[in-house]
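Notes for the one structure printed next.
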Amino acid sequence: MDFKSIEKKWQDKWYKENPFKAVDFHPTKPKFYVLYEFFNISGNLHMGHLKGTVPADALARYKRFKGFNVLFPIGGDAFGLPAENAAIKTGINPRDFVEKGMKTVLDQSKRLGLSFDFDRTICTSDPDYYKWTQWIFLQLFNHGKAYKEKAKVNYCPKCNTVLSNEDSQGGKCDRCGSDVIQEERQSWFLKMREYSDKLLGNVDRIQMAENLKEAQRNWIGRSEGTEIVFDIYNKKGETVGKLPIYTTCVETVYGITFVAIAPEKELLDKIKGNISNWKEIEEYRKKTALRSEFDRLSDQKEKTGCKVEGVYVVNPVNNRKVDVYIADFVLANYATGAVMAVPSHDQRDYEFAKKFKIPFIQVIEGDTTKNAVEKGEYLPKNSRLINSAEFTGMTVKEAKAKIAEKLINMGVASKKVNYKMTDWAFNRQRYWGEPFPIVICPHCGEVALSEKDLPLVLPMVKDYLPDQKGNSPLSKAKEWVNCKCPKCGRDAKRETDTMPNWAGSSWYWLRYIDPHNDKALADFEKLRYWGGVDVYTGGTEHITRHVLYAFFWQNFLYEIGAVPTRDPFIRKMGSGLVLDSEGKKMSKSSANGVSPMEVVDKYGADVTRMHLHFLGGYEDNTPWTYDGIKGITSFIDKVWSLQDIVKGDDISNEHRFELASLNKKISDDYENLKLNTAISALMIFVKKIKEDNFITKEELKQFLIMLNPLAPHVTSEIFERVFKSQILDCTWPKYDEKDLVKAEVEIVVQINSKIVSRVNIPTSASKEEALSIAKADAKIAISLEGKTIVKEIYVPARIINIIAK
RNA sequence: GCUGGUGUGGCGGAACGGCAGACGCACAGGACUUAAAAUCCUGAGAGGGCAACUUCGUGUGGGUUCAAGUCCCACCACCAGCACCA
């Protein structure tokens with residue numbers, strides 16, 4: 001068998017005729033939308049891509065046989081670092097880099113025989129596409145969901161650019177490795193936090209692995225608690241301000257011995273006149289500002305802080321005076337940026353209090369000599385309160401409600417929900433991204449372009465680096481930057497930052513539905529027809545953020561009436577990694593990286609597809625190895641040789657059961673992307689056929705259809721040779737439920753749960769009949785001699801267990 | 001630390017509470033061959049026995065059940081995500 005010429009023949013045919021075309025509003029077939037996370041345009045395909053594409057392809061091919069109108073599209077995520085870095089390093093124009101990169105990944109997809117509908121291919125850096133990314137931003141802006149604000153951001157002093165958290169992991173710049181610092185800059189934000197509860201709803205409804213759902217819930221970080229307002233007093237006892245503090249442990253309120261405020265909170269500046277050690281405060285603020293966010297969050301670090309002299313707050317439950325500190329373990333952007341510190345019952349407060357010699361008041365039972373007794377410890381035990389006035393002796397559960405009630409009745413507290421998730425920082429000082437459709441006018445402020453001016457095309461530049469002040473490379477494109485304000489007509493400048501890489505990927509599944517529409521991001525009726533993505537495959541690397549961003553945009557688009565559904569995806573399946581021989585993630589940079597194209601050249605696409613997926617389950621990490629690939633090649637050879645032993649037409653009685661079982665098994669496996677067990681079921685079937693040394697025409701036909709989603713090339717070829725017609729014109733074979741049941745099965749007979757014998761029992765037998773057959777067996781009869789039967793268990797087609805004394 | 005997941009032969013991995021180790025690789029023996037490769041057949045969890053057979057076996061320790069890899073409790077190890085979130 002010459003797999004090279006066979007595979008070429010079929011690929012040429014498919015990609016010329018496009019039998020995989022998805023039909024809008026198909027009159028009879030139900031729709032099915034299979035999505036693979038589009039390619040990040042950076043180079044060649046790697047093994048990781050096969051983990052997600054091949055199962056999706058198998059599912060798409062299976063569903064087409066099942067009579068579905070399948071949408072299985074592909075595209076490129078092209079804005080972002082790979083193209084820009086290549087431009088900086090080699091001088092290649094990012095447009096050319098992307099064009100070449102797109103061609104590479106699409107060609108390589110074809111060499112794998114992936115059944116994408118290439119007529120719907122999109123690319124995020126194409127103006128026809130990013131016109132609609134800009135349009136979505138415009139809607140966000142016009143609906144008050146996008147705003148510009150001064151904020152602390154990660155900044156690389158060497159590259160002169162703002163970095164996202166993901167581009168600055170471990171406090172080092174992703175591009176140059178320098179230490180990242182915190183800098184205040186004007187930044188764009190999207191009001192994602194507002195959508196927290198809606199996103200939690202999306203998470204609940206989507207079908208996805210529990211660990212991934214949990215990661216998303218953690219990211220959103222919803223918590224319920226109480227917000228208490230403390231009055232701030234000066235030395236003279238005059239009220240000078242109010243300090244709201246959020247807590248989830250209101251039961252510990254009698255244990256407060258200090259309060260701590262995040263150093264950057266402006267509240268302090270307002271009461272500056274009352275603070276006697278202002279210089280010291282300013283010094284501490286400077287010191288913490290220099291430290292990066294990462295350093296601050298490192299738990300290795302010792303607590304630092306500074307007492308705020310001259311002011312105090314009063315605990316409303318007992319009028320106790322409480323000292324005020326600033327401390328950088330308190331995060332400015334969570335809740336109110338201040339904590340009520342209870343050293344006995346919070347480990348951070350405990351450490352801080354030890355260091356600053358602040359007193360402890362224990363209010364819940366437990367041993368606080370070495371560590372704080374935290375809620376994780378006292379809640380399950382339902383311990384009782386101590387030192388808490390009228391609440392002393394109550395259980396925590398009781399006290400929690402009663403204390404909150406008291407504070408609320410006093411008018412100093414309210415119930416409150418908080419989220420860890422912040423608004424989405426949405427700008428980068430980069431060239432290769434979507435320009436904001438925004439003009440900055442000295443008179444009108446930020447002014448949106450009108451829809452008819454979209455797309456705002458990214459201008460050509462020669463210099464892709466930001467300037468010394470960290471202004472975006474686009475600021476150097478003077479002709480482009482200088483413009484008239486769309487509102488007042490006077491001189492203005494365009495926003496020169498660009499959108500982050502995540503923008504284009506936060507709505508792309510919608511564009512596939514109507515990729516060439518120039519009136520809307522997609523036609524509403526088409527969106528309604530195709531609905532949510534039925535199955536979405538891809539890696540797990542950025543899944544938490546990507547899916548949340550996707551939920552956010554889809555919710556927004558739903559609420560403004562641009563799309564008909566709130567949920568973008570019905571089922572999302574994260575694939576495992578492909579590991580190299582050292583158990584590390586296989587990537588281009590990995591020394592042991594094996595290119596899938598190398599394997600395709602050597603063994604063919606069918607074998608490559610099957611071998612990788614025979615190595616392990618879709619969601620598992622699979623170590624890549626050539627070991628065992630022989631098993632797949634010899635399987636394909638055996639399949640090829642089936643042509644020589646075709647005898648008879650209809651399904652034979654010898655193979656009726658096996659064929660029906662294979663059908664049931666493999667259908668389930670394709671639906672659930674369990675290709676490893678699908679392959680093993682196919683192997684078992686071929687083994688049986690080879691043993692019997694014949695296969696009928698109908699059996700071969702059905703078998704080839706069942707194997708086609710995994711090995712599309714060789715099955716197409718054999719089918720054409722034997723049946724003189726096209727496999728893709730077939731429908732999935734049907735089977736009779738009763739063929740799944742053998743007339744007679746061998747089952748195990750146990751006595752006192754130990755296997756004693758095996759007997760053949762008709763599947764139609766009743767319990768009594770089965771047992772009498774078993775008892776007639778010589779070994780059973782001997783073992784039961786002289787014993788009294790206590791209990792008899794018969795699980796049809798599985799087991800008989802006789803309990804006897 | 002918190003959350004979620006995983007733990008099965010020499011290896012990759014299978015097992016609706018019902019014969020653990022399917023399927024494949026590697027391995028051993030045999031057939032074919034001058035020989036090798038390829039192919040085909042056979043064997044094999046570990047220990048013991050010439051044998052029929054038998055004991056032990058799914059990270060560890062308990063439990064539920066006629067029956068546990070699977071369910072429950074406790075613990076250990078590894079992987080992933082989050083991590084000073086009040």
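To find a chain, count down the sequence lines: A is the first, B the second, and so on, and within it residues start at 1.
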- Task: Quick one: label A:Arg758 by what it contacts on the DNA or RNA (base, sugar-phosphate, nothing), any heavy atom closer than 4.0 Å.
- Result: base
Rounded to whole Å, NZ of A:Lys213 lies from C1' of B:A80 at a distance of 18 Å
Would you say a side-chain N or O of A:Arg348 is under 4.0 Å from OP1 or OP2 of B:C85?
yes
- A:Asp669 and A:Lys664 ion-paired at < 4.0 Å: no
What contact category does A:Lys690 fall into here, base, sugar-phosphate, or nothing, at under 4.0 angstrom with non-hydrogen atoms? nothing
Between A:Glu619 and A:Lys674, does any NZ, NE, NH1 or NH2 come within less than 4.0 Å of an OD or OE carboxylate oxygen? no
To the nearest angstrom, the CD1-P distance between A:Ile782 and B:C53 comes to 12 Å
Taking the P atom in each of B:C53 and B:A44, what is the distance between them to the nearest angstrom?
14 Å
| Does A:Tyr350 have its ring centroid less than 6.0 Å away from the ring centroid of A:Phe360? | yes
Atom CG of A:Leu710 and atom P of B:G24 are separated, to the nearest Å, by 16 Å
Rounded to whole Å, the CG-P distance (A:Asn418 to B:C85) equals 13 Å
key: Interatomic distance at C1', B:G17 relative to B:C85, whole Å   = 42 Å
The nucleotide from B:A86, B:A26, B:A67 with an atom nearest the side chain of A:Lys630 is B:A26
With the side chain defined as heavy atoms from C-beta on, A:Thr247 is closest, among B:A86, B:C66, B:C40, to B:A86
- Assert yes or no for the condition that the ring centre distance of A:Trp424 to A:Tyr549 is strictly below 6.0 Å. yes
Say we look at B:A36 and B:A31: how far apart would their C1' atoms be, to the nearest angstrom?
15 Å
Are any of the side-chain nitrogens in A:Glu210 or A:Lys213 under 4.0 Å away from the carboxylate oxygens of its partner?
no
Nearest-angstrom distance, C1' atom, B:C19 to B:U58
15 Å
| Spacing of the C1' atoms in B:A20 and B:A68 (rounded, Å) | 11 Å
The answer to which of A:Ser680 and A:Ser753 contacts RNA chain B further toward the 5' end, by nearest nucleotide, is A:Ser680
Q) Distance between the P atoms of B:G29 and B:A37, in whole angstroms? A) 12 Å
Across every strand shown, the nucleotide meeting Watson-Crick or G-U wobble geometry with B:U39 (both distances under 3.5 Å) is B:A31
Exercise. Pick the C1' atom in B:C50 and in B:U64, then give their distance to the nearest Å.
Key: 43 Å
Check: protein-nucleotides 3-13 of chain B nitrogen or oxygen pairs below 3.5 Å:
| residue | atom | partner | partner atom | Å |
| --- | --- | --- | --- | --- |
| B:G4 | O2' | A:Asn211 | N | 3.2 |
| B:G12 | O2' | A:Leu615 | O | 2.4 |
| B:G13 | O5' | A:Leu615 | O | 3.3 |

Picking from B:A86, B:C19, B:U55, the nucleotide nearest the side-chain atoms of A:Leu331 would be B:A86
Work out how far the C1' atom of B:C23 is from that of B:U3, and round it to whole angstrom.
35 Å
For A:Lys665, report the nucleic acid contact type (base, sugar-phosphate, nothing); a contact means any heavy atom under 4.0 Å.
-> nothing
Partner of B:G69 under the Watson-Crick or G-U wobble criteria, both distances under 3.5 Å, comes out as none
By the Watson-Crick or G-U definition, both distances under 3.5 Å, B:U60 is matched with B:A74
Within less than 4.0 Å of OP1 or OP2 of B:A86, is there a side-chain N or O belonging to A:Tyr246?
no
Taking the basic N atoms (NZ, or NE/NH1/NH2) and the acidic carboxylate oxygens, is any pair closer than 4.0 Å for A:Lys572 and A:Glu37? yes
- Electrostatic pair A:Lys779:A:Asp777 at N-O distance under 4.0 angstrom: no
Residue pair A:Gly631/A:Ile793 against RNA chain B: nearer the 5' end by closest nucleotide is A:Gly631
A:Ile684 atom CD1 is separated from B:A22 atom C1', nearest whole Å, by 6 Å
Could you check, using the six-membered ring where one of them is a Trp, whether A:Tyr325 and A:Phe352 have ring centers closer than 6.0 angstrom? yes
Paired to B:C82 by Watson-Crick or G-U wobble criteria (both distances under 3.5 Å) is B:G1
From CZ of A:Phe635 across to C1' of B:A22 the rounded distance in Å is 15 Å
Judged by whether its glycosidic angle lies within 90° of 0, B:G63 is anti
Which of B:U55, B:C84, B:G18 is nearest the side chain of A:Lys303? It is B:C84
Of the candidates B:G18, B:U39, B:A86, the side chain of A:Lys375 sits closest to B:A86
| message | Please confirm whether the ring centroid of A:His655 lies under 6.0 Å from the ring centroid of A:Phe694. | response | yes
- Query: Checking all strands, does A:Lys420 fall into the base, sugar-phosphate, or nothing category for heavy-atom contacts under 4.0 angstrom?
  - Reply: base
A:Lys687 atom NZ is separated from B:C41 atom C1', nearest whole Å, by 12 Å
Classify A:Ile803 by what it touches in the nucleic acid, base, sugar-phosphate, or nothing, heavy-atom distance under 4.0 Å.
sugar-phosphate
Tell me whether A:Lys303 forms a cation-pi arrangement with A:Phe356, defined as NZ or CZ under 6.0 Å from the six-membered ring centre and within 45 degrees of its axis. no
Atom NZ of A:Lys415 and atom C1' of B:A86 are separated, to the nearest Å, by 16 Å
Closest to the side chain of A:Asn801, out of B:A14, B:A67, B:A86, is B:A67
